[in-house]
Amino acid sequence: MARFLIKRIFSAVLTLLAVSVLTFLMFFALPRDPVTGMCPKNCNPERLERVRQELGLSDPLITQYAGYMKGIFTGRDLGSAQGGQCDAPCLGWSYVNNEAVLDTIARVLPVTLSIVIPAAILWLLLGVGLGMVSALRRGTWLDRAAIGFSLTGASLQLYFVGAVLLLVLVYNLRLLPVPSYTSIFDDPVKWASGLVLAWLALAFLFSAIYARLSRAQMLETLSEDFVRTARAKGLPKPQVYGRHALRAAITPVVTIAGLDVGAALGGTVITETTFGIQGLGRTAVEAVRAGDLPTIMATVLIAAVFVVVANVLVDLLYAAIDPRVRLG
Amino acid sequence: MSLSPVEGVALAEIESGGDAGAPREKGVVGRSPGQLAWLRLRRDRTAMISGGMLVFFVLVALAAPLIEALYGIGPRDQFQSKLDGFGMPLGYAGGVSGDHFFGLEPGLGRDIFIRLVYGLRTSLLIAFAAAVISAALGIVLGALAGYLGGWLDAVINWITDLTLAMPFLIIALALTPTLTLRFYGERDAVSPAFGVAVLIGVFAIFGWTSTARLVRGQVIALREREFVEAARASGAGLGHMLFRQLLPNIWAPILVSFSLAVPQFITSEAALSFIGVGLTEETPSFGRMIYQSLDYLQTDPAFVFFPGITIFALVFAFNLFGDALRDALDPKSSR
């Protein structure tokens, strides 16, 4: 177990390093002059040159990359124009927002977390529950309704569902306020009512996919020998389905869920754009539009960290859920 | 001594087997797995309906200039006279009328129907091209990784993990203008075809890994089988092993994954246009239309409705057909 964990974490760190190198190359080396994109208004040649100096853009790429990584782990001095000393984890200074990137992230990350975590709980419960029930009641009207629901949901687009929800619930019926973010610590009711549309839209689309997947997995598991054996030796149905079959059927669902939740935490770009909520995803998109390299770099890295950590967690969960898996 | 029915059948089989020209009477007909799958697909009503819808969409996309000629309105024609003082289309449901089947865009007053027809063309072109390229890459690299194993396998696996860890939308968003800038200058006009090509390229770079993973798993399962060993023992080269021995056995899952990849690329293209990259303003695209329409959600809901429903119908048909194809190709399926 310990050996597996060390190996897994080592490869995760390696992946993150590779992502950082690739992103760095993609954004710092590819554009012909990264400064033009991030120079504040009223640019003149001297100012451009100064920004270039401050960012160290005339240094060789390796020095720049090493400086960036050093900032993350030990902090570094960015110079007076960029807020001076930047403590670890230093993600650089954004000229566009005129603040340390870490501060921007600290502001928008809770927004994305508040969107994704409740939505993920909703979609997992709803999706897996629906899939299981429709597999156990195969062929009934309930099953057909669940199939119809999941086929429709899997083909719908978030911006469309979001638009319809907005139009009906907010503008026409006026049941909900216009989506916005309030901190849960300030006002939990406002927090929930401002984000509930995003949760509903995400949960609807994702639960459709999960219902489909878990139904197929459950049907396959129900035809396995061990389920028959468990039934034959006289175990009651709830125990066979709820414990034996569910455990085996849910493993692939956990894999997909880990990837989806990990990816969603890195920024729900479409959801945030549709509902006009400023989270990690929208910040990333705006950073790309504005050519704000330090912010782009930070958002991409954070998204990658979420995916990679989620993957490690999924591998560990596997061992807990599926007795056939032995980590070695 | 009377012949039992069973022997009669056996004799008939032997006799007819000797005479190739004689028409086969009813009895056991040999069918290849492909023919069986086709038969199952033909019998599946969902498959036929969704397949019909797909053929219809493809025909509409191919015949877009013809439809334009018949309809008499181009995708860039503006009908400012049919808008009111606020730029809103006159009439009901966003200006739906005999002249404009799906109404007009608020602001510019362009015809929504013909823009959707051309948007379908863009969307299908990008999705099919991206799916074909990423399938080809995935098949070759996945088969190599699975068959040869070793360091190549490790490298390809690692790249797969890497692409999964990169936030696709943000990377694509950032890569598209950067690549465009590399090829075109700051002020050169970017041709619409180039924008389409860049999108296809970005999709292919990110898309091949899932096919590669699938093919790799299948090839590993087949690698130690007798027929592979026999071929290897008789001195078959690498190309022969991959394309003649291994791939013919796994085309079924590849086909299914291809048919499900196309709608994914359609939605990705729409999502990218939605956040405002990729295609230039002249190229009609579903995502861009929806993005523009969101501003008019309260004042002109019909403008949101038509593009949204069209994408839904397209993706729905692809998903249904992909599922039906999976059922038809699965020898275990009971249908």
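This one's a predicted model, so the numbers in the text were calculated from it and none came from an experiment. Proteins come first, then strands; the chains are lettered A, B, ... in the order of their sequence lines, and each starts at number 1.
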Problem set entry | Proximity breakdown for I266(B) and chain A, heavy-atom pairs closer than 4.5 Å |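 No part of I266(B) comes within 4.5 Å of chain A.
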Exercise. Tell me, side chain or backbone of A313(B) under 4.5 Å from chain A's heavy atoms, or both, or neither?
Worked result: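 Contact with chain A is absent: no heavy atom of A313(B) under 4.5 Å.
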Exercise. Salt-bridged, D315(A) to K7(A), with N to O below 4.0 Å?
Worked result: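 Salt bridge absent between D315(A) and K7(A).
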Name the region of [X], side chain, backbone, both or neither, that has any atom closer than 4.5 Å to a heavy atom of chain B.
X: L22(A); answer: side chain
X: V285(A); answer: both
X: R282(A); answer: neither
X: A263(A); answer: neither

Let's test your reading of the structure: which of [options] forms the most heavy-atom pairs below 4.5 Å with chain B?
options: L301(A), T274(A), L16(A), V164(A); value: T274(A)
options: N311(A), L14(A), I270(A); value: I270(A)
options: L259(A), T299(A), T152(A); value: T152(A)

For this session: Ignoring hydrogens and angles, tell me if any N or O in the side chain of S155(A) forms a donor-acceptor pair with the backbone of F312(B) under 3.5 Å.
Result: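 Checked: no pair found.
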Exercise. Knowing that exactly one of I115(A), L166(A), T268(A) qualifies, which makes a side chain to side chain contact (heavy atoms under 4.5 Å, CB included) with F275(A)?
Worked result: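 By the side chain to side chain contact (heavy atoms under 4.5 Å, CB included) criterion, F275(A) pairs with just one of I115(A), L166(A), T268(A): L166(A).
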Exercise. So, for F318(B) and F265(B), is the gap between ring centers shorter than 6.0 Å?
Worked result: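 They do not qualify: ring centres at least 6.0 Å apart.
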Problem set entry | Criterion side chain to side chain donor-acceptor pair (under 3.5 Å) on E269(B) and S285(B), from CA distance to verdict | CA-CA 9 Å; E269(B) 185 270 318; S285(B) 141; 3.2 Å; yes
For this session: May I ask you to test the S20(A)-Y65(A) pair for a side-chain heavy-atom distance under 4.5 Å?
Result: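 S20(A) vs Y65(A): side chains touch.
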For this session: Report the distance from atom OG of S207(A) to atom CZ of R212(A), rounding to the nearest 0.5 Å.
Result: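 That separation rounds to 12.5 Å.
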